[in-house]
Amino acid sequence: MGIAKDIVAESIYTALPQLSLQEIDELLEVPPNQDLGDYSFPCFTLAKKLKKSPVLIASDLAEKMPENKLFEKIDVVYGFVNFSLNKGYLASKLLPKIISEHKEYGKSAEGAGKTVVLDFSSPNIAKPFSVAHLRSTVIGHSLARIWEHMGYKAERVNHLGDWGTQFGKVIVAYKKWGDEPSEHSKGSIRHLLELYVRFHKEAEDQPDLDDEARLWFKKLEDGDKEAYSLWQQFRKTSLDNLREVYELMGVGFDHYTGESFYNDLMPKAIEKLEPFMEVSEGADIVSLGEDMPPFLVRKSDGATLYGTRDLTAAIYRFETFNFAKCLYVVGGEQALHFKQVFAVLKKLGYDWADSCEHVPFGLMRFGDMKLSTRQGNVIFLEDVLNKAIDLTKEIIEEKNPDIENKDDVARMVGVGAVIFNDLRNNRIKTINFEWDDLLNFQGDTGPYIQYTHARACSLLSKAEEVTTVNLELLQEVEEEVLVAELERFPDIVKQAARANEPSTIARYLLSLARDFNKFYQAHRILDVEEELKKARLTLVDAIRKTIDTGLFLLGLEAPEKM
RNA sequence: GCGCCUGUAGCUCAGCUGGAUAGAGCAACGGACUUCUAAUCCGUAGGCCACAGGUUCGAGUCCUGUCAGGCGCGCCA
């Protein structure tokens, strides 16, 4: 929570004890226009409670407001009490705080001692890591950092799809054609894809291949040595590739507990389900009433399903982590599935089922291009990232060819563009995959924010370190806007966490960057009178650090030069 | 057929739990680099907030209905 918003809320509280501090905090809003003030307290909802007109309540309230150096002006407009903050005073309190706290700025103690489990990314092994997996990966990664900023301990779980019939297919294909990989793909994930694609192509004419695949998966489940060793080999090849991509993006996990991890735990979970199970059409189901289809525990052939493994995983996670929250960052098309899983958990008497939450996101679509792993039409995430990095290199060569460690910077910016493109909008929105959007580095983009950061760094590097400084000198409109905006950052993080919505931070950073660039355009910073220069550099430093922290929360790096 | 999600400028989208004149970016057009990074900034133009009712002092936001698109609806994940 920002210091100023707290003070405003407390001041209102002293004059209006009928409401709790928290209620006041929630009512406080930022007016649409800076001229109206920095915080606004609407009195309309109070009208009924106090049996007075909103306008009267507002003017009474304004009367009773305690003196505070922070308030420059308190206006009553309509039924709003508008607070204009004394920006010079605010700056003198806020900017040193931001500078000394840096990455800790906006951090909350709310989650102290609590754990949040995040299930995200979770790609299918033996299939390539495609752009389709990008969303869960970057949203989950960002949310983990946001919750950590709220004081929680985050457990990042990669629920790998490393079990299932597709492994039977790859085993069959490998045994038949595995020794004829094309030149570039030997031993790589691309080879596995070739096999997967070839399997589906040949299976069109030879349906018995499918039976063979099921047989091999059955063998795998029964612990057949050859099947198991091949599975291990494929799993390793896939994981090696995954880790490469994760490293490129700076994404990490605390646990790689995929579906196969729960094989041994499932019988126990199914045992707990027994009292609720019934047989329907040969399969074991748990009925969930009228408004939901039943939950399938076991297929008619006795094999378990995805849902069974999710259920087992949930129980395991609660027993292991005793989580306060368990977030499933999975596409919105699986909403019903999670609703069912949570309902079954409730049925089992687990109250913590209410702490489990599906965090859905919209589909990644590809326009007219039909993408199908089976047909081999895949856009590798790795290729997307590398294309973005290559383009960044070209831009660097053109604009700033002299900077050192070009490759590092190109990676940070290229990858940042891809990540930001995904996090910029509400996660529920469908994204159309467009190369042009992805490779545009102007406007509302990651590189724009990174560029702004680099610009600020450049200013700071050209000046000596600032020690004593009079921040009351920051009186230009552009400066006041920035100070007020910096103050909102802690609240923004809170909002982002509450809604599990990284885009809240992305939007904030765009706005902060835009306002900084306007300021930069309108005023000189280095060649002004010494005291003013110090004050402006302090502002620049606070902005630079807030952008750095915000980018971190999104999972982007902040290069000092670009 | 039933359920969930989405519908705001030509395009992509913001708009916090209802609040003050609906905001950005892209694309288009016109400007600003002998000076702190032009991956920037300024300006012009662009809107029956899908439609129709309702609730309210107040609705892009809430409720109902309609339309359009997406997704899902027991042996895939």
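Chain identifiers are assigned alphabetically (A, B, ...) following the order of the sequence lines, protein sequences preceding nucleic acid strands; residue numbering begins at 1 within each chain.
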Run the ring pair (Phe, Tyr, Trp, His ring centres under 6.0 Å) test against [X] and tell me which residues pass, sequence neighbours left out.
X: A:Phe516; value: none
X: A:Tyr451; value: none
X: A:Phe217; value: A:Trp163

Checklist outcome for this item: Sorted by chain and number, sequence neighbours left out, side-chain contact (heavy atoms from CB on, under 4.5 Å) with A:Leu239 holds for A:Ile125, A:Leu160, A:Arg235, A:Leu242, A:Arg243, A:Tyr256
Checklist entry - Of all the nucleotides listed (B:G19, B:C75, B:G70), which has the minimum atom distance to the side chain of A:Arg365? => result B:G70
Item to check | For RNA chain B, the dot-bracket pattern of Watson-Crick and G-U pairs whose distances stay under 3.5 Å, | for other-strand partners | outcome: (((((((..((((.........)))).(((((.......))))).....(((((.......))))))))))))....
Checklist entry - Heavy atom of residues 75-82 of chain A under 4.0 Å from RNA chain B: which residues? => result A:Val77, A:Phe80, A:Asn82
Next on the checklist: Which residues in residues 295-304 of chain A have a heavy atom closer than 4.0 Å to any atom of RNA chain B?
Outcome noted: A:Leu296, A:Lys299, A:Ser300
Checklist outcome for this item: Heavy-atom contacts, protein to nucleotides 6-14 of chain B, under 4.0 Å, summarised as B (base), S (sugar-phosphate only) or - (none) per nt, yield SS-----SS
Checklist outcome for this item: B/S/- along nucleotides 37-47 of chain B (protein heavy atoms under 4.0 Å) is BSBSSS-----
Checklist entry - Rounding to the closest angstrom, what is the interatomic distance between B:G60 and B:G23 at atom C1'? => result 12 Å
side-chain hydrogen bond (donor to acceptor under 3.5 Å, both in side chains) partners of [X], counting only residues at least two apart:
X: A:Thr312; value: none
X: A:Arg427; value: none
X: A:Lys399; value: none

Next on the checklist: Between A:Asp444 and A:Arg424 (salt bridge meaning N to carboxylate O under 4.0 Å), is one present in this structure?
Outcome noted: no
Item to check | Heavy atoms of other groups near A:Lys73 NZ, more than 12 under 6.0 Å | outcome: no
